[in-house]
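Scroll down for the structure; my scribbles are underneath it.
For clarity, every value in this text was computed on a predicted model and none was experimentally measured.
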Amino acid sequence: QVQLVESGGGLVRAGDSQTLSCAADGPTSSNYAIAWFRQVSGKEREFVAAVSWTGGSTNYADLVQGRFTISRDNAKNTVYLEMNDLKPEDTAIYYCAAHLWGLGSVQKNRYTYWGQGTQVTVST
């Protein structure tokens, strides 16, 4: 089992950068792939980025490819999402999720554990 806590959200302007953190608490947290999803009220939760449990592979949604970077620091049990050149359409609640022995799937039903989310708001 792993518990996830997101942090780093807030209000930024278009073009700014922001980094989200996902702290994983659990004795086997390094065995989990971690993904970021986001959701806007009234819409489906969508995949953003994922990193495999080894950290050796990453996966990105087309909408964020080249702007967002996911990384993990297993020594700190933390996964980061660095977001650059933010756009108003990036505004959403961002959730991190964990998948045991995962390789970075885009499918949210692969992820067993979820954090509570952190709000990111990008103004024009």
Before giving the answer on side chain to side chain donor-acceptor pair (under 3.5 Å), spell out for S17 and N84 the whole-Å C-alpha distance, their side-chain angles and the decisive distance to 0.1 Å. CA-CA 4 Å; S17 297; N84 297 312; 2.8 Å; yes
Applying salt bridge (charged side-chain N to carboxylate O under 4.0 Å, His left out), which residue pairs with at least one partner in residues 91-108 are found, sequence neighbours left out? E44-K108
Cluster link W101 to I70, ILVMFWY, side chain under 4.5 Å: yes
With a 3.5 Å distance limit and no angle check, can you tell me whether E46 reaches the backbone of R38 through a side-chain donor-acceptor pair? no
Close side-chain approach of F68 and D85, heavy atoms under 4.5 Å: no
Shortest non-hydrogen contact from Y80 toward K76: OH-CD, 3.9 Å
Heavy-atom nearest pair, G104 first then A33, reads N-CB, 4.1 Å
When clusters are formed by joining ILVMFWY residues with side-chain heavy atoms under 4.5 Å apart, either directly or through shared neighbours, do I34 and Y94 land in the same one? yes
Return yes if some donor-acceptor pair links the side-chain N/O of S21 with the main-chain N/O of S7 below 3.5 Å, else return no. no
Are R110 and L100 packed together at the side-chain level, in the sense that at least one heavy-atom pair is separated by less than 4.5 angstrom? no
Atom pair CG (L86) and OG1 (T91), whose distance is rounded to the nearest 0.5 Å: 8.5 Å
Show me the side-chain donor-acceptor pairs of residues 116-124 shorter than 3.5 Å, one per line, residues at least two apart or across chains.
from	atom 1	to	atom 2	distance (Å)
T118	OG1	G9	N	3.2
Q119	NE2	A92	O	3.3
Q119	NE2	T121	OG1	3.4
S123	OG	V12	O	3.3

Is L11 isolated, or which residues cluster with it under the ILVMFWY side-chain rule of less than 4.5 Å, directly or via members? none
Does NZ belonging to K87 count more than 12 external heavy atoms closer than 6.0 Å? yes
Could you see if V5 belongs to whatever hydrophobic cluster contains I93? Use Ile, Leu, Val, Met, Phe, Trp, Tyr and a side-chain cutoff under 4.5 Å. no
The criterion is ring pair (Phe, Tyr, Trp, His ring centres under 6.0 Å); which residues satisfy it with F47, sequence neighbours excluded? F37
Roughly how far, to the nearest 0.5 Å, is the CG atom of L20 from the CD atom of E6? 8.5 Å
Closest non-hydrogen atoms of A98 and L4, given as atom of the first, atom of the second and distance, are N-CD1, 3.7 Å
Looking at V48 and V64, what are the two nearest heavy atoms and their distance? O-CG2, 3.4 Å
State, to 0.1 Å, how close R72 and V79 come at their nearest heavy-atom pair, and which atoms those are. CB-CG2, 3.6 Å
Donor-acceptor contacts under 3.5 Å from residues 22-32 side chains, at least two apart:
from	atom 1	to	atom 2	distance (Å)
S29	OG	G26	O	3.3
S29	OG	N77	OD1	3.3

Answer yes or no for R45 and W114: cation-pi contact, defined as NZ/CZ to six-membered ring centre under 6.0 Å and angle to ring axis within 45°. yes
For residues M83 and T19, determine if any side-chain heavy atom of one lies less than 4.5 Å from a side-chain heavy atom of the other. no
Within the 4.5 Å heavy-atom criterion, are Q1 and Y113 side-chain neighbours or not? yes
Taking ring pair (Phe, Tyr, Trp, His ring centres under 6.0 Å) as the test, write out the residues that go with Y95, two or more places apart. none
Looking only at non-hydrogen atoms, find the nearest pair between T69 and Y60 and report the distance. CA-OH, 3.3 Å
For residues W53 and V106: do they belong to one hydrophobic cluster (side chain heavy atoms under 4.5 Å, members Ile, Leu, Val, Met, Phe, Trp, Tyr)? no
Looking at side-chain heavy atoms only, is the closest gap between Q18 and D90 below 4.5 Å? no
